[in-house]
Amino acid sequence: MPSSLPLSFALLGLFASRVLCGGVTEASWKALNATVGGRLHLGVPFSQPCFSRTSSNAVNVPNPAQCGEIQALYEDHLFRSSRFGGYQITQWETCQTTGDECLLDWTNTTNPAAFAAPRQCLQGSVPSYYIDVTGPEDIRAAYTFSKKKKVPLVIKNSGHDYIGRSAGPGTLALWTHNLNSIALSTGFVAEGCSNEPQSAVTFGAGVQFQAVYDFARTNNVTIVGGADPAVGATGGWSMGAGHGALSPAMGLGVDRVLQYKIVTPDGKFRTANKCQNPDLFFALRGGGGGTFGVVLEGTFITSPAVTMQVAVGTYENTPENTVKLVKALGKSATQMASDGWGGYITPSASGGVWANPLLDVGAAQKSAAGVVSAFESIGGGVSFFTMPTASDFFDTFIAPNTDPVGRPQVQSSRLIPDHLMANDDVLSALATAMVSSDFPQILAVTPYAFKDFDKNGTSINPAWRTAVWHVLSMNVWNFNSTRSERETAYQRLKTVWTPVRDLTPGSGAYFNEADTYEPDYTTSFWGPHYAKLLAIKNKYDPHHLLDCWRCVGWKGPSDPRYKCHLPAP
Ligand SMILES: Cc1cc2nc3c(=O)[nH]c(=O)nc-3n(C[C@H](O)[C@H](O)[C@H](O)COP(=O)(O)OP(=O)(O)OC[C@H]3O[C@@H](n4cnc5c(N)ncnc54)[C@H](O)[C@@H]3O)c2cc1C
Ligand SMILES: *[C@@H]1O[C@H](CO)[C@@H](O)[C@H](O)[C@H]1NC(C)=O
Ligand SMILES: *[C@@H]1O[C@H](CO)[C@@H](O)[C@H](O)[C@H]1NC(C)=O
Ligand SMILES: *[C@@H]1O[C@H](CO)[C@@H](O)[C@H](O)[C@H]1NC(C)=O
Ligand SMILES: *[C@@H]1O[C@H](CO)[C@@H](O)[C@H](O)[C@H]1NC(C)=O
Ligand SMILES: *[C@@H]1O[C@H](CO)[C@@H](O)[C@H](O)[C@H]1NC(C)=O
């Protein structure tokens, strides 16, 4: 191109010839942008401001102020989720098959080896474009565009999904993060129903748990939520099951939701509850996010404020101690769950924390005697505390010790049923998985003591109801990984979790915290409900405008949007 050509003319030529995202022209994107009121944006990788090169070695002018903030807050859950291009589990910002990425060194975010030239900031699996969703019209526009232009859609909320369901190369994303309304109702009746009014709270789809717990404290109510300040209350969490420390006593997210407002792929804005679109409501209560439509808001039961009894165990984290601890804790785990305790055992934090909203101080100490002796048997100990509210429990014991994010982490997990909880082979296999992974955790968060659930109303695997522990582990890599290191991280999970699966036949795994390559995933996630869920998926999304990895109706890995997933180990 002659250098004398005026700049605007040169740009015009560039635009006319630039064909992005599956052969869609710049003009089509412009038209979509006009339809959504200018809220269409390019998906920019989270760490791009640190890089001086983008794809094809094009120059990117680094922004030192922005880069400094990204480096300082690289593992901050709320900060990461506030940026469209930020994913908590960072292999989903990358392309695992090719190694394309735009990551920093999570062990030292100022390490220039990750971002200085010749390294380039590559798009990886960050969606090409996104719409900052404000209402049903944006969602309808995206459906129409996707159907006409064959651009795959993804729904992204906080970006916590462990198996990449809120990312995808060459996709158009619907970002629900800014739907942040919260409204309390003391006399809520689901639309079209005629039951007794009850106390409930309605969240816009972007509302995150820190805001939920703050709201609960301010309004002197209890809201069951997860153990992370930045996970969304209404998105993937509530639709996939949704556990927290209160779940053993008060139920899962799917047990507490009363109503969703959703735009289904036929473009209809619907209310889903027990009285309207009950099939859809059933599917949304456990069938998973990203599958049946874009949810705009969810309404959840609120309960009176509760006092929480808290037990904190500490020990010296050595592999030998962890093995002994897992085996000892297994023996009292079913009794603890029956008594309403929810908890987390985290070897990397050298301890565990349990909370109970049902017992008083004396009863709590008696109930937790098995936990005390388990810790004492390896030279550790347990302390007891009383917290005035669930929000105080969250702020004091959970939020300061959140699970690590901002790094590539691959995960596997299993629900452990009550009748196998004291089984020595099962506990040995779990202990082996714990000490053979980079980040293991036992979550005592199943709804075990909560018997007042809607028997046929939720679509989670019924294995959740008789499970006592949800046990998981993760392996990590860094910015300079090789493909073979990435494959090994998955392979190591397969090696330790295959025996656990084999020893727990008929159980399952948590849709939201599962192995990327979960075998027989339809049974594992939904048990007997899969056929019904599939029929509902086909009814509301016959053209498969919304498909995601190992979701209901998934057609397998051959679609180009999954080209960054490695083959199963
Ligand atoms: C650090 C960490 C801690 C966690 N802690 C817990 C925990 O304590 N308890 C627990 O149960 N789980 C926990 N999880 C798992 C969590 O529930 C899932 O990652 C969940 O999918 C997050 O949902 P999201 O909407 O916030 O995230 P996203 O990744 O944005 O979305 C997850 C899925 O939901 C879909 N989705 C999101 N919003 C909508 C919407 N409005 N309409 C339709 N589909 C939507 C997306 O398409 C995607 O498929 C944790 C995860 C991480 C990384
Ligand atoms: C969409 O339009 C808005 C407002 O004109 C603009 O700021 C934005 O950059 C446009 N998006 C894209 C992807 O061009
Ligand atoms: C992090 O990297 C920077 C830049 O290379 C270096 O100066 C610093 O010492 C490193 N910090 C640690 C804790 O290794
Ligand atoms: C908060 O709610 C609890 C339980 O309903 C009640 O006992 C308490 O008096 C309330 N506190 C305030 C300050 O309203
Ligand atoms: C639940 O479904 C089963 C099997 O379809 C049926 O037998 C049972 O009556 C239902 N229970 C309720 C409470 O609706
Ligand atoms: C990758 O980076 C880490 C962290 O900076 C470093 O310790 C390691 O040696 C690097 N590995 C290779 C193969 O360069």
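Order of appearance sets the numbers: ligands from 1, and atoms from 1 within every ligand. Here, residue 1 is the first one in the sequence, and each next residue gets the next number.
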re atom 41 (N) of ligand 1, the protein heavy-atom contact at minimum distance is Val295 O, 2.9 Å
Among side-chain atoms of Thr202 and Glu297, is any donor-acceptor pair under 3.5 angstrom?
no
Does the distance from a Lys or Arg side-chain N to an Asp or Glu carboxylate O, for Glu75 and Arg407, drop under 4.0 Å?
yes
Measure the distance from atom 34 (O) of ligand 1 to every protein heavy atom, then report the residue, atom name and distance (to 0.1 Å) of the closest one.
Gly236 CA, 3.3 Å
Under the 3.5 angstrom rule, does the side chain of Trp549 hit a backbone N or O of Thr516 as a donor-acceptor pair?
yes
Give me the residue, atom name and distance of the protein heavy atom closest to atom 11 (N) of ligand 4.
Asn220 ND2, 2.8 Å
Within ligand 1, which atoms have a heavy atom of Gly226 less than 4.0 Å away?
8 (O)
Is it the case that Tyr260 and Ser238 place a side-chain donor and acceptor less than 3.5 Å from each other?
yes
Taking only non-hydrogen atoms of Pro304 and a 4.0 Å limit, the atoms of ligand 4 in range are 5 (O)
Return the orientation label for the Trp175 and Phe84 ring planes: parallel under 30°, perpendicular over 60°, tilted otherwise.
perpendicular
Distance under 6.0 Å and angle within 45° of the ring axis: does Arg80 meet both against Tyr87?
no
Ligand 1 and Gln88, any nitrogen or oxygen pair closer than 3.5 angstrom?
no
Looking at ligand 1, does Gly159 have a heavy atom less than 4.0 Å from it?
yes
With a 4.5 Å heavy-atom cut-off, do Met308 and Thr389 have their side chains touching?
no
Which of the ligand 1 atoms, numbered from 1, are nearer than 4.0 Å to a heavy atom of Thr176:
41 (N)
When distances are taken from atom 47 (O) of ligand 1, the protein heavy atom at minimum range is Ile155 O, 2.7 Å
For atom 2 (C) of ligand 1, tell me which residue out of Trp549, Phe292, Trp92, Tyr162 has the closest non-hydrogen atom.
Tyr162
pair Arg39-Asp138: side-chain heavy atoms closer than 4.5 Å
yes
Would you mind reporting whether Val224 and Ser247 have side-chain heavy atoms less than 4.5 Å apart?
yes
In ligand 1, which numbered atoms sit nearer than 4.0 Å to a non-hydrogen atom of Ala205?
41 (N)
Quick note on ligand 1: atoms under 4.0 Å from a heavy atom of Gly293 include exactly 42 (N), 43 (C)
How far is atom 21 (O) of ligand 1 from its nearest protein heavy atom, and which residue and atom name does that atom have?
Asn512 OD1, 3.4 Å
Report yes or no: does Tyr510 have a heavy atom closer than 4.0 Å to ligand 1?
yes
What protein heavy atom sits nearest atom 30 (O) of ligand 1, and how far off is it?
Asn157 N, 2.6 Å
Heavy atoms, side chains only, cut-off 4.5 Å: are Arg465 and Ile460 in contact?
yes
Any idea which atoms of ligand 1 are less than 4.0 Å away from a heavy-atom of Asp228?
1 (C), 2 (C), 3 (C)
Do Arg270 and Tyr540 form a cation-pi contact, if we require the NZ or CZ to be under 6.0 Å from the six-membered ring centre and within 45 degrees of the ring's axis?
no
Between Lys539 and Phe292, is NZ or CZ placed under 6.0 angstrom from the six-membered ring centre and within 45° of the ring axis?
no
Of all protein heavy atoms, the one nearest atom 22 (C) of ligand 1 is His160 CB, 3.9 Å
Using protein heavy atoms only, decide if any is under 4.0 Å from atom 2 (O) of ligand 2.
yes
What orientation do Tyr129 and Trp29 show, parallel under 30°, tilted 30 to 60°, or perpendicular over 60°?
parallel
Residue from Asp255, Thr234, Val212, Leu258 passing side chain to side chain contact (heavy atoms under 4.5 Å, CB included) with Phe300:
Thr234
Do His243 and ligand 1 have an N or O pair less than 3.5 Å apart?
yes
Cation-pi between Arg550 and Phe525: NZ/CZ under 6.0 Å from ring centre and within 45° of the ring axis?
no
Give a yes/no verdict on whether any heavy atom in Gln208 is under 4.0 Å from an atom of ligand 1.
no
Check for a donor-acceptor pair, side chain of Asp559 on one end and backbone N or O of Lys555 on the other, with a separation under 3.5 Å.
no
Protein heavy atom at shortest distance from atom 14 (O) of ligand 2:
Asn33 ND2, 3.9 Å
Quick test: of every protein heavy atom, which one is nearest to atom 6 (C) of ligand 1, and how far off is it to 0.1 Å?
Glu513 OE2, 3.6 Å
For a 4.5 angstrom cut-off between non-hydrogen side-chain atoms, does Leu103 reach Glu93?
yes
What residue and atom, counting heavy atoms only, is the protein's closest point to atom 26 (O) of ligand 1, and at what distance?
Ser158 OG, 2.5 Å
Atom indices of ligand 1, in the order listed, that fall short of 4.0 Å to a heavy atom of Gly289
34 (O), 35 (C), 44 (N), 49 (O)
With a 4.0 Å cut-off on heavy atoms, does Val154 reach ligand 1?
no
Residue and atom name of the nearest protein heavy atom (relative to atom 13 (C) of ligand 2), distance in Å to one decimal:
Leu40 O, 3.6 Å
Verify atom 9 (O) of ligand 2: protein non-hydrogen atom under 4.0 angstrom away
no
Parallel under 30°, tilted from 30 to 60°, perpendicular over 60°: which one fits the rings of Phe394 and Tyr213?
parallel
Nearest to atom 7 (O) of ligand 2, what protein heavy atom do you find, and at what distance?
Gly38 O, 4.8 Å
If you measure every N or O of Asp403 against every N or O of ligand 1, does any of those distances drop under 3.5 Å?
no
Any idea which atoms of ligand 1 are less than 4.0 Å away from a heavy-atom of Gly232?
26 (O)
Go through ligand 1 atom by atom and flag the ones less than 4.0 Å from a non-hydrogen atom of Ile89.
53 (C)
4.0 Å heavy-atom contact, Ala241 with ligand 1:
no
